[in-house]
Trainee: 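Would you mind keeping the following structure in view while I ask a few things?
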2 protein chains.
Amino acid sequence: MKTIADIAQLAGVAKSTVSRYLNGGSISVATKRKIERIIHETGYTPNNFAQSLKAKKPNIIGTIVPRLDSFASSQVLMGIDEQLRDLNYQMLIANTSQDLVREIESIYSLYNQKVAGIILLATQISEAHLKAFEETNLPVILVGQQHDQLYSLIHDDDSAGYDLGKYVLKNGHRKIAYLGVTEKDIAVGVRRKEGFKRAISEDDSCEVNYYETSFKMENAVEVTSSIIESFDPSIIVCATDNIALGALKAAHLKEIDVPSSLSIAGFGGYDVTGIIHPGLTTVKFHYEKVGRMAATSLVALLNGGEIPRSQLSDYQIIERESVDNKLKR
Amino acid sequence: MKTIADIAQLAGVAKSTVSRYLNGGSISVATKRKIERIIHETGYTPNNFAQSLKAKKPNIIGTIVPRLDSFASSQVLMGIDEQLRDLNYQMLIANTSQDLVREIESIYSLYNQKVAGIILLATQISEAHLKAFEETNLPVILVGQQHDQLYSLIHDDDSAGYDLGKYVLKNGHRKIAYLGVTEKDIAVGVRRKEGFKRAISEDDSCEVNYYETSFKMENAVEVTSSIIESFDPSIIVCATDNIALGALKAAHLKEIDVPSSLSIAGFGGYDVTGIIHPGLTTVKFHYEKVGRMAATSLVALLNGGEIPRSQLSDYQIIERESVDNKLKR
DNA sequence: CAGTTTTTTGGAACCGGTTCCATTTCAAGC
DNA sequence: GCTTGAAATGGAACCGGTTCCAAAAAACTG
């Protein structure tokens with residue numbers, strides 16, 4: 001493996017001259033040509049470690065994700081990756097497999113790897129998180145959750161919940177089940193639900209029940225079954241598309257037709273929701289775009305720029321077949 | 001930020017002694033205690049760049065993936081990640097967004113980052129790939145594709161195709177459409193199909209047509225429509241689950257009942273195939289396990305171990321509702 | 001063409017670790 | 001008590017770059 005010293009020797013110049021050539025200092029055309037040729041011939045590439053050591057400007061951004069095998073995270077990761085590439089940064093992914101302890105560990109581990117900053121696809125923010133960020137002093141952007149002490153970038157969960165609530169009412173549903181998740185997850189568990197609640201509260205002829213399940217499809221299948229048996233709503237609104245998929249499965253198992261006997265809606269906008277039958281009515285979030293925004297913001301922050309404490313990303317309701325219009329028949 | 005020199009000074013010893021403490025050299029209990037305390041107090045962590053510079057034993061493995069938002073890649077990544085963590089390595093992911101040029105660039109870029117080795121979730125292996133591997137001299141493990149000059153780890157596509165072919169025959173289907181992909185993809189485009197062909201050729205009462213589409217669902221929907229119109233098979237066997245999902249969609253659009261009027265099967269074993277209705281009969285590959293195997297193998301290779309040139313991972317057929325048994329009625 | 005300014009270049013120090021080697025310390029052996 | 005060997009430690013060199021500074025070369029200036 002060639003080093004800068006080798007190149008300098010071959011070109012008959014000093015190390016510093018080669019370094020200048022690489023980083024754009026003033027150089028005569030003649031020496032530039034020489035070095036150019038040698039580098040080309042030898043296929044020399046600078047050692048990244050040595051560069052980062054002296055320069056102290058690491059070009060790696062750490063991204064912490066709770067899981068790799070979810071549509072939402074993948075999309076966000078794609079967005080971050082694309083944008084960082086454009087900005088000449090590398091992305092180092094730390095997967096925590098939904099283990100909060102591992103999340104904290106990852107912060108320190110990334111710190112250890114001397115990343116320039118961290119993008120955290122967050123689920124919950126604990127004291128340990130704040131402590132870790134403070135101790136490592138790394139710039140952080142939160143994606144998907146909000147926290148007043150940190151920069152964050154979130155989906156407009158509240159409005160999304162509200163709009164979907166309005167949509168449900170507009171379609172004539174009055175006996176409604178909302179299948180949510182733990183309130184520990186502020187964005188998905190609280191804000192979506194609160195937005196939804198607000199919309200529903202504007203009509204007092206409604207009967208609404210709220211339920212809770214995990215993020216897993218299998219659990220959603222079970223819970224949905226029992227909801228149908230005990231409450232028999234005309235629509236089940238699910239806090240994520242995965243849960244909605246589980247609800248659909250439950251309906252099929254019970255041989256209940258969707259949407260004529262039961263409507264189902266979700267949040268997310270996952271690709272599969274469009275390919276299945278019946279197509280799932282859902283609120284689509286722009287994951288990839290959020291990823292790009294996160295990357296852009298973090299890099300701006302690294303370069304001493306000012307960014308808003310909290311940024312919102314929009315959404316849109318995609319109407320498909322899984323929600324019945326009660327008023328049309 | 002503290003450096004090893006600071007620690008040494010605070011502890012009243014030499015840099016080298018601190019280094020020995022960190023890396024396990026012979027040290028007296030007294031100095032060990034002292035250093036221990038200082039490090040604990042200051043929260044010192046060694047600079048990774050400086051370490052890697054001298055030590056030349058990078059602990060980062062590069063993984064090149066064609067896309068992040070596919071079930072298969074995500075699962076493999078999870079497997080690699082889990083295993084590498086256990087083996088004390090970090091994973092650096094390079095996403096190429098299915099761009100072959102970017103794949104080559106990534107090899108050089110990872111080389112530049114001084115990764116210890118590369119795991120390539122491959123689609124096609126070109127001359128440029130071989131050249132890049134040779135020039136960088138990085139150890140490589142191929143996942144999903146085979147090449148005689150490289151270590152590889154593949155699904156048993158040929159047998160999987162054969163077994164699914166047998167299964168289709170066993171269920172009494174005799175008018176069969178096989179919807180494959182480009183033959184540039186040896187594993188998916190050639191081997192699965194060849195295995196399938198071999199099974200079918202053992203029964204001469206069969207009418208089989210072979211078609212080709214892309215990996216995208218939308219294309220599969222169109223192609224399936226035209227297959228139904230022109231050939232009207234009793235079953236469509238799809239080279240991937242995504243394609244099968246597209247085929248299912250096409251059948252729904254045409255109001256053809258699956259499986260009573262048309263059977264559909266796929267390869268992959270993606271999670272959604274179990275949640276949709278009708279459940280998709282598919283050949284399940286063990287992606288996560290393959291990821292673990294890849295990580296284990298690469299690390300073995302790095303430590304001078306011997307590993308087989310080519311390793312096979314098994315599969316299993318999951319019978320669900322999308323394939324009709326013609327002989328039972 | 002001497003004097004001054006600007007550009008180009010080389011040399012040395014430095015980044016924060018690791019490692020080799022020489023020296024000191026210490027306990028065991030005779 | 002002196003020798004010997006092993007363990008502990010310090011000092012210096014080194015990894016492969018970047019950067020500062022001063023010297024050399026080239027380009028103006030009057």
Side-chain angles (χ1 to χ4, degrees), chain A residues 1-39 42-60 88 90 109 111-116 136-137, chain B residues 1-39 42-60 88 90 108-116 136-137:
Chain A
M1 177 114 61
K2 298 281 179 213
T3 73
I4 200 171
D6 298 330
I7 304 301
Q9 204 194 338
L10 287 170
V13 298
K15 278 187 355 171
S16 44
T17 306
V18 178
S19 175
R20 260 187 302 266
Y21 163 81
L22 291 169
N23 301 297
S26 67
I27 276 215
S28 72
V29 190
T31 49
K32 183 173 168 179
R33 290 258 165 69
K34 257 190 306 185
I35 298 177
E36 212 160 50
R37 192 173 52 81
I38 301 286
I39 287 189
T42 55
Y44 162 79
T45 78
N47 181 318
N48 210 282
F49 292 123
Q51 275 181 318
S52 303
L53 177 56
K54 178 69 196 228
K56 284 189 161 175
K57 48 160 171 51
N59 64 337
I60 302 183
N88 279 315
Q90 273 271 352
S109 152
Y111 168 71
N112 218 279
Q113 302 276 338
K114 307 297 169 197
V115 299
T136 59
N137 203 26
Chain B
M1 177 114 60
K2 297 281 179 215
T3 73
I4 199 171
D6 298 330
I7 305 302
Q9 203 195 340
L10 287 170
V13 298
K15 279 187 354 173
S16 44
T17 307
V18 179
S19 177
R20 260 188 301 265
Y21 164 81
L22 292 168
N23 301 297
S26 66
I27 278 218
S28 73
V29 190
T31 50
K32 183 172 167 179
R33 288 259 166 67
K34 256 191 305 185
I35 298 177
E36 213 159 51
R37 192 172 53 81
I38 301 284
I39 287 188
T42 56
Y44 162 80
T45 77
N47 181 319
N48 208 284
F49 292 123
Q51 273 181 319
S52 303
L53 177 56
K54 178 69 196 229
K56 285 189 161 175
K57 50 161 169 53
N59 66 335
I60 302 183
N88 278 317
Q90 272 272 349
Y108 289 106
S109 151
L110 287 174
Y111 168 72
N112 216 279
Q113 302 275 340
K114 308 295 170 202
V115 299
T136 59
N137 203 25

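Below, all heavy atoms of this structure are taken into account, side chains as well, without hydrogens, waters or symmetry copies.
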Trainee: Can you check whether Ser16(B) has a side-chain N or O nearer than 4.0 Å to OP1 or OP2 of dC20(C)?
Mentor: no
Trainee: Answer yes or no: does a side-chain N or O of Ser19(A) lie under 4.0 Å from OP1 or OP2 of dT19(D)?
Mentor: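 Answer is no, no contact under 4.0 Å.
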Trainee: Among the nucleotides dG10(C), dG16(C), dT9(C), which one has an atom lying closest to any side-chain atom of Thr31(A)?
Mentor: dT9(C)
Trainee: How about Pro46(B) and Ile4(B): do any of their side-chain heavy atoms sit closer than 4.5 Å?
Mentor: no
Trainee: Would you kindly give the NZ-to-C1' distance between Lys34(A) and dT9(C), to the nearest whole Å?
Mentor: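 Going from NZ in Lys34(A) over to C1' in dT9(C) covers 11 Å.
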Trainee: Specify the residue among Lys15(A) and Val29(A) whose closest nucleotide of DNA chain C lies further upstream toward the 5′ end.
Mentor: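 Its nearest nucleotide lies further toward 5', so the answer is Val29(A).
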Trainee: May I ask you to evaluate whether Asn23(A) reaches the phosphate of dT18(D), defined as a side-chain N or O under 4.0 Å from OP1 or OP2?
Mentor: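 Affirmative; the distance criterion is met.
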Trainee: Taking the side chain as C-beta and beyond, is there a heavy-atom pair between Ile35(B) and Tyr44(B) under 4.5 Å?
Mentor: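 They are not in side-chain contact.
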Trainee: Quick one: is dG10(D) close enough that its OP1 or OP2 comes under 4.0 Å of any side-chain N or O from Thr17(B)?
Mentor: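 The answer is yes; a side-chain N or O of Thr17(B) sits under 4.0 Å from OP1 or OP2.
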Trainee: For the pair made of CD1 in Ile7(A) and C1' in dG16(D), what is the distance, rounded to whole Å?
Mentor: 12 Å
Trainee: Nearest to the Gln51(B) side chain among dG17(C), dT8(C), dG10(C), which nucleotide is it?
Mentor: dG17(C)
Trainee: Whole angstrom is fine here: how far is it from OH in Tyr21(B) over to C1' in dA7(D)?
Mentor: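 Rounded to whole Å, this separation is 19 Å.
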Trainee: Using whole Å, report how far CD of Gln9(A) lies from C1' of dG11(C).
Mentor: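 One finds 16 Å between C1' of dG11(C) and CD of Gln9(A), rounded.
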Trainee: Please give, in whole Å, the distance from dT18(D) C1' to Asn47(A) CG?
Mentor: 13 Å
Trainee: Between atom CG in Leu22(B) and atom P in dT19(C), what is the gap in whole Å?
Mentor: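 So the two atoms are 12 Å apart, to the nearest Å.
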Trainee: If you check the Arg20(A) side chain, which of dA8(D), dT9(C), dC20(C) turns out closest?
Mentor: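 Minimum distance to the Arg20(A) side chain belongs to dT9(C).
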Trainee: Expressed in angstrom and rounded to an integer, what is the separation of Lys32(A) atom NZ from dT9(C) atom P?
Mentor: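 From Lys32(A) NZ to dT9(C) P: 12 Å.
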Trainee: What nucleotide, of dG17(D), dG17(C), dT9(D), holds the atom closest to the side chain of Ile4(A)?
Mentor: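 It is dG17(D).
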Trainee: Does atom NZ of Lys34(A) have more than 12 heavy-atom neighbours, drawn from other residues, nucleotides or ligands, at distances under 6.0 Å?
Mentor: yes
Trainee: Give Val13(B) one of three labels, base, sugar-phosphate or nothing, depending on what nucleic acid heavy atoms sit under 4.0 Å from its own.
Mentor: sugar-phosphate
Trainee: Tell me what Ser26(A) touches on the nucleic acid: a base, only sugar-phosphate, or nothing, going by heavy atoms under 4.0 Å.
Mentor: base
Trainee: Tell me whether the side-chain N/O atoms of Tyr44(A) come closer than 4.0 Å to OP1 or OP2 in dG17(D).
Mentor: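 So the side-chain polar atoms of Tyr44(A) do come within 4.0 Å of the phosphate oxygens OP1 or OP2 of dG17(D), strictly under.
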Trainee: The criterion is salt bridge (charged side-chain N to carboxylate O under 4.0 Å, His left out); which residues satisfy it with Arg33(A), sequence neighbours excluded?
Mentor: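 Listed in chain order: nothing, the list is empty.
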Trainee: Rounding to a whole Å, what distance do you find between Ile27(B):CD1 and dT18(C):P?
Mentor: 12 Å
Trainee: Kindly check if the number of other-residue, nucleotide or ligand heavy atoms within 6.0 Å of CD (Gln9(A)) is above 12?
Mentor: no
